[in-house]
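Report on the following structure.
For the numbers below, each heavy atom of this structure counts, side chains included, while hydrogens, waters and symmetry mates do not.
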Amino acid sequence: MVQKFDFQELDLKGAYLIKPFYATDNRGGLIKDYNVDTFKANGIDHDLKEVFYTISKRGVIRATHFQLVKQQPKLVRCISGHVYDVIVDLRPNSPTFGQWRGFHLTGENTNMLLVPKFFGHGYLVIEDSVVSYKCAEVFYGEGDSGIMYNDSDIGIEWPFELIGGEENLIISEKDLNLMSFQEYTRRTK
């Protein structure tokens, strides 16, 4: 079986849901989730500069993270496990400003998200997971920021029932002290 790359641009302009190249036979399989020429041929300029992985336990929530300077576009794929991945449009002049979309990314479905500049990104870990980030900018710690996972103005509908309820969340101290969407909006005016 051979599955070719498939690029689906989302209604949050510049964000994509992508199926990677995936070939299987009686030996197993091969997944190619990035090729600069294939991406460019599909109108995506994603200049790979940094790759990292997060390893997370079931119940971990990674809030809506972004960088205030040196924005970090990223190609995100769950290599193993299952996460509910969320992107938020944080471009003040965008017609979809403040809107979010959520996707189930699993090791089995191989789906990826291309998260553009000026988007927030976070996820809820449904099963112990390894998530790959292929970034078009290096991480710049001084610009690291985020918005609370439960911000009422954005209103993300997290599937907490899949981890046995919100009381089972595992959240970092940093993510407990992030700004609100209103604070972000005041900063960007």
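Within the 4.5 Å cutoff, the side chain of Gln72 has heavy atoms near those of the Phe139 side chain. By the 4.5 Å heavy-atom criterion applied to side chains, Ile18 and Leu114 are counted as neighbours. Between Arg101 and Leu17, the closest side-chain pair of non-hydrogen atoms is not below 4.5 Å. Looking at heavy atoms from C-beta onward, Asp175 lies out of side-chain contact with Tyr149 at the 4.5 angstrom threshold. Looking only at side-chain heavy atoms (C-beta outward), Phe181 and Met148 stay at 4.5 Å or farther from each other. Residues Arg62 and Val131 form no side-chain contact, since every pair of their non-hydrogen atoms from C-beta on lies 4.5 Å or further apart. Put simply, the side chain of Leu178 reaches to within 4.5 Å of the side chain of His65, judged on heavy atoms.
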**Request:** Just do the side-chain contact (heavy atoms from CB on, under 4.5 Å) check on Phe66 and Ile147 with the steps written out, would you?
**Result:** CA-CA 9 Å; Phe66 53 88; Ile147 295 171; 3.7 Å; yes

**Message:** Working note: Ile156 + Asp151, criterion side-chain contact (heavy atoms from CB on, under 4.5 Å); need CA distance, chi angles, decisive distance, verdict.
**Reply:** CA-CA 8 Å; Ile156 297 170; Asp151 184 89; over 6 Å; no

**Request:** Take Ile154 and Tyr184, measure what side-chain contact (heavy atoms from CB on, under 4.5 Å) needs, and give me the verdict at the end.
**Result:** CA-CA 11 Å; Ile154 295 176; Tyr184 174 80; over 6 Å; no

**Evaluation steps, side-chain contact (heavy atoms from CB on, under 4.5 Å), between Asn168 and Phe160** = CA-CA 8 Å; Asn168 292 318; Phe160 294 126; over 6 Å; no

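Between the side chain of Glu9 and the backbone N or O of Gly14, at least one donor-acceptor pair lies under 3.5 Å. With hydrogens and angles ignored, the 3.5 Å screen pairs a side-chain donor or acceptor of Ser94 with a backbone N or O of Thr96. In this structure, the side chain of Arg58 engages the main chain of Ile126 through a donor-acceptor pair within 3.5 Å.
With hydrogens and angles left out, the side-chain atoms of Ser180 and Glu183 include a donor and acceptor closer than 3.5 Å. Using modelled atom types, one finds no donor on one side chain facing an acceptor on the other under 3.5 Å when comparing His104 with Asn111. Side-chain atoms of Ser132 and Tyr34 form no donor-acceptor pair, as typed in the model, at a separation below 3.5 Å. In summary, the side chains of Glu137 and Gln67 do not present any donor paired with an acceptor at a separation below 3.5 Å, with no hydrogens or angles considered.
Within a 6.0 Å radius of CD in Glu167, more than 12 heavy atoms belonging to other residues, nucleotides or ligands are found. A 6.0 Å sphere centred on CD of Gln182 holds no more than 12 heavy atoms belonging to other residues, nucleotides or ligands. The local environment of CD in Glu157 is sparse, with at most 12 non-hydrogen atoms from other residues, nucleotides or ligands closer than 6.0 Å.
No close placement of the Phe118 and Phe97 rings is indicated, their centers lying 6.0 Å or farther apart.
The CE atom of Met112 sits 6.5 Å away from the CZ atom of Phe7 when rounded to the nearest 0.5 Å. Leu113 contributes atom CG, which lies 8.5 Å from atom CG of Leu75 (distance to the nearest 0.5 angstrom). For the atom pair NZ of Lys117 and NZ of Lys74, the computed distance is 12.0 Å after rounding to the nearest 0.5 Å. Rounded to the nearest 0.5 angstrom, Leu90 CG and His121 NE2 are separated by 12.5 Å. Met179 CE to Thr64 OG1: the interatomic distance, rounded to the nearest 0.5 Å, is 11.0 Å. Put simply, CG on Leu176 and NZ on Lys174 are 12.0 Å apart, with the number rounded to the nearest 0.5 Å.
Nearest heavy atom pair, residue Ala136 against residue Lys49, reads O-CD, 3.5 Å. Pairing each heavy atom of Glu173 with each of Asn177, the nearest pair is O-ND2, 2.8 Å. A pairwise comparison of heavy atoms in Leu124 and Gly59 identifies CD1-O, 4.2 Å as the closest pair. Between Gln3 and Pro20 the shortest heavy-atom distance is NE2-O, 2.8 Å.
Relative orientation of the Tyr133 and Phe52 rings is parallel, given thresholds of 30° and 60° on the angle between their planes.
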